[in-house]
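Working notes for the structure below.
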Amino acid sequence: MHYRFSAGLFVLVSAVISGCAATSITNTSVSRTSLVSSDLCYKPAGVSTRWASFENPLGGKGRGGMENKGAKGHAFDILEPGETKTLMDTTGSGVIHRIWVTINPRNATMLRSLKLEMFWDNSDKPAVSVPFGDFFNFPAGRMTPFESSLFCSPEGKSFVCTIPMPFKDGARVTLTNESDKPLMHLFYDIDYTIGDKFTDETLYFHACWNRQRWTTLEKDFEILPKVVGSGRFLGCNIAVMIKPGNGAWWGEGEVKVYLDGDGDWPTLVGTGLEDYVSTGWGLKSFAQLYHGCPIADEVKGIYGFYRYHVPDPVYFDRNCRVTIQQMGGGSKKEIVKMVQDGANIKPITVARLKPQEFIKLMELSEAPDVTADDFADGWINFYREDDYAATALFYLDSPISNLPELAPVEKRLKGLEQD
């Protein structure tokens, strides 16, 4: 029996499971009641459930909770500086369905210093190699309660992921403390099934992390560097830290998705950053199923947002690259102040209401000085520089990818709020 990917569960819960197998939705008009009942009562033949935790790290049958004569003998552990702990290690086929973790301390330094890695099918190279906090959608080291289709933290004290992660010949999950301080409390459980069977279309989950401090003027930031293979771009968790001296609105950049050999121009392109996360006219704090901005600190200039392509799949056959332009927008008064404060910016468009016109500065043979006294006011979009960090989530037809290894901890921590 093949592992069943339900179109109903796809629509109502996360839609990621059917994405693993690249199946299509043929019926989305069934009632919620019938969908839930038909899925929850389904038991695939030959599939068993396992939980990995310090009480049973190998998920052995009848081997859980044996320490201290069964009286909560190993609920947590300490992760010393430089130490790696294997959280899960199993052979054969299966699917990770849920990962739950809580730790102490939970400060920004520790969240960026912990390295989470996942290996599929006995591969030496990890498919997932990311900073722990960024992966669980606390990309700027700030924790707050939120819930989405793929991640949640009910009270801002835990880390939960429900992305389906199939493996065909084994899975291993590790956590490494790359800080100079011990992680005094590490509690976790990884909930998975074994014995699942798959089609050739079943994909492997991957995640990578990229950061620039600071971004380069006129150059798009790479959310997902060019990855080779067939798969699906699932979405991203992104952190932005505003560069000192940069005022005005920072989120005018368009997301671009380059598919299957695209050259200078992408196949998919958005209209602006806040538009990409499904809102408009600025970005405040919110959290919903497929898009949100849990962190929006206007005072310190720290933002964390996400977008998951669950109801709107992004498939690719040969390669995929995802970028976001580094652009902001503001009034002439704001632009003048930024220039006076020494900000490195470049105006690109001007939108006026009276007279109503849209000036494409990049297409003019000689762009006017928009800060000049005789230049009429309007909304000015401009290239700018900020600190961007992105965790890209994707599925691939291989347990390994061509992407580089995770940046060293020193680069991950540079400029981050220290605790």
Side-chain angles (χ1 to χ4, degrees), residues 48-61 63-68 70-91 94-120 126-139 141 143-148 150-167 170-179 181-194 205 207 209 237 391 393 406 409:
S48 302
T49 299
R50 296 290 186 268
W51 294 355
S53 71
F54 288 126
E55 293 283 18
N56 191 1
L58 297 180
K61 187 177 185 312
R63 305 290 297 177
M66 297 176 67
E67 296 186 45
N68 198 35
K72 198 170 184 175
H74 201 162
F76 73 95
D77 216 330
I78 299 172
L79 191 59
E80 299 288 353
E83 182 183 9
T84 296
K85 285 194 181 295
T86 298
L87 307 184
M88 173 189 171
D89 194 353
T90 189
T91 59
V95 180
I96 294 176
H97 297 275
R98 175 181 177 269
I99 301 173
W100 166 88
V101 186
T102 189
I103 62 174
N104 185 47
R106 296 186 296 273
N107 55 51
T109 301
M110 186 60 76
L111 294 185
R112 270 273 169 92
S113 297
L114 293 174
K115 180 173 67 174
L116 177 67
E117 294 192 312
M118 304 179 193
F119 304 78
W120 312 130
V128 174
S129 185
V130 289
F132 177 83
D134 291 69
F135 176 75
F136 284 98
N137 201 24
F138 297 111
M143 295 198 65
T144 187
F146 82 99
E147 182 175 16
S148 72
L150 306 181
F151 300 92
C152 73
S153 184
E155 296 183 89
K157 297 181 291 187
S158 61
F159 308 81
V160 183
C161 173
T162 53
I163 298 175
M165 304 176 188
F167 50 92
R172 180 164 58 94
V173 179
T174 65
L175 188 66
T176 302
N177 183 0
E178 296 188 328
S179 78
K181 296 180 180 178
L183 182 66
M184 297 306 297
H185 295 91
L186 169 60
F187 295 78
Y188 82 97
D189 66 65
I190 299 176
D191 309 336
Y192 62 103
T193 51
I194 56 174
F205 175 71
W209 186 82
N237 303 328
T391 303
L393 314 170
L406 178 64
V409 67

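No experiment lies behind these values; they were computed from the predicted model shown. Quick note: numbers below take in every heavy atom, side chains included, and nothing from hydrogens, waters or symmetry partners.
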Measure across Pro139 and Arg112 and return the closest heavy-atom pair with its distance rounded to 0.1 Å. O-NH2, 2.9 Å
So, do Thr102 and Phe76 sit near enough that their side-chain heavy atoms are less than 4.5 Å apart? no
For the residue pair Leu111 and Met143, establish whether any side-chain heavy-atom pair is separated by less than 4.5 Å. yes
Backbone N or O of Phe135 within a donor-acceptor pair of the Asn237 side chain at under 3.5 Å? yes
Report the C-alpha distance between Met118 and Phe167 in whole Å, list the side-chain angles of each, state the deciding distance to 0.1 Å, and finish with yes or no for side chain to side chain contact (heavy atoms under 4.5 Å, CB included). CA-CA 11 Å; Met118 304 179 193; Phe167 50 92; over 6 Å; no
Just by modelled atom types, is the Ser158 backbone N or O under 3.5 Å from a matching donor or acceptor in the Ser153 side chain? yes
Measure up the Phe54 and His74 rings against each other and bin them: parallel (under 30°), tilted (30 to 60°), perpendicular (over 60°). parallel
Show your reasoning for whether side chain to side chain contact (heavy atoms under 4.5 Å, CB included) applies to Leu114 and Asn177. CA-CA 5 Å; Leu114 293 174; Asn177 183 0; 4.0 Å; yes
Go through the steps for Arg98 and Asp189 under the test side chain to side chain contact (heavy atoms under 4.5 Å, CB included), then give the verdict. CA-CA 8 Å; Arg98 175 181 177 269; Asp189 66 65; 3.2 Å; yes
Counterpart residues, ring pair (Phe, Tyr, Trp, His ring centres under 6.0 Å), relative to Phe136 (two or more places apart): Phe132, Phe159
Are the side chain of Tyr188 and the backbone N or O of Leu87 linked by a donor-acceptor pair below 3.5 Å? yes
Just checking Phe151 against Phe146, ring centres under 6.0 Å apart? no
Do Ile96 and Val173 come close enough that some side-chain heavy atom pair is under 4.5 Å? yes
Would the distance check show the side chain of Asn68 and the main-chain N or O of Lys72 forming a donor-acceptor pair, the cut-off being under 3.5 Å? no
Quick one: are Met88 and Ile99 in side-chain contact, heavy atoms under 4.5 Å? no
Should Met165 and Val128 count as side-chain neighbours, where that means a heavy-atom distance under 4.5 Å? no
Got a donor-acceptor contact below 3.5 angstrom from the Trp100 side chain to the Phe187 backbone? no
Non-neighbouring partners of Glu178 that pass salt bridge (Lys or Arg N to Asp or Glu O under 4.0 Å), sequence neighbours left out: Lys115, Arg412
A side-chain contact here means heavy atoms from C-beta on lying under 4.5 Å apart; do Asp191 and Thr49 qualify? no
So which atom in Gly59 and which in Tyr192 form the shortest heavy-atom distance, rounded to 0.1 Å? CA-OH, 3.7 Å
For a 4.5 angstrom cut-off between non-hydrogen side-chain atoms, does Pro154 reach Pro145? no
Non-hydrogen atoms of Pro182 and Pro105 that approach each other most closely: O-CD, 4.1 Å
Among Lys85, Met110, Arg106, find the residue that satisfies the side-chain contact (heavy atoms from CB on, under 4.5 Å) test when tested with Leu183. Met110
Does atom CD (Glu83) have a neighbourhood of more than 12 heavy atoms from anything else shown, all under 6.0 Å? yes
Between the side chain of Arg63 and the main-chain N/O of Glu55, is any donor-acceptor distance below 3.5 Å? no
Start with the C-alpha gap between Leu406 and Trp209, add the side-chain angles, then the distance that decides, and say whether side chain to side chain contact (heavy atoms under 4.5 Å, CB included) holds. CA-CA 7 Å; Leu406 178 64; Trp209 186 82; 3.7 Å; yes
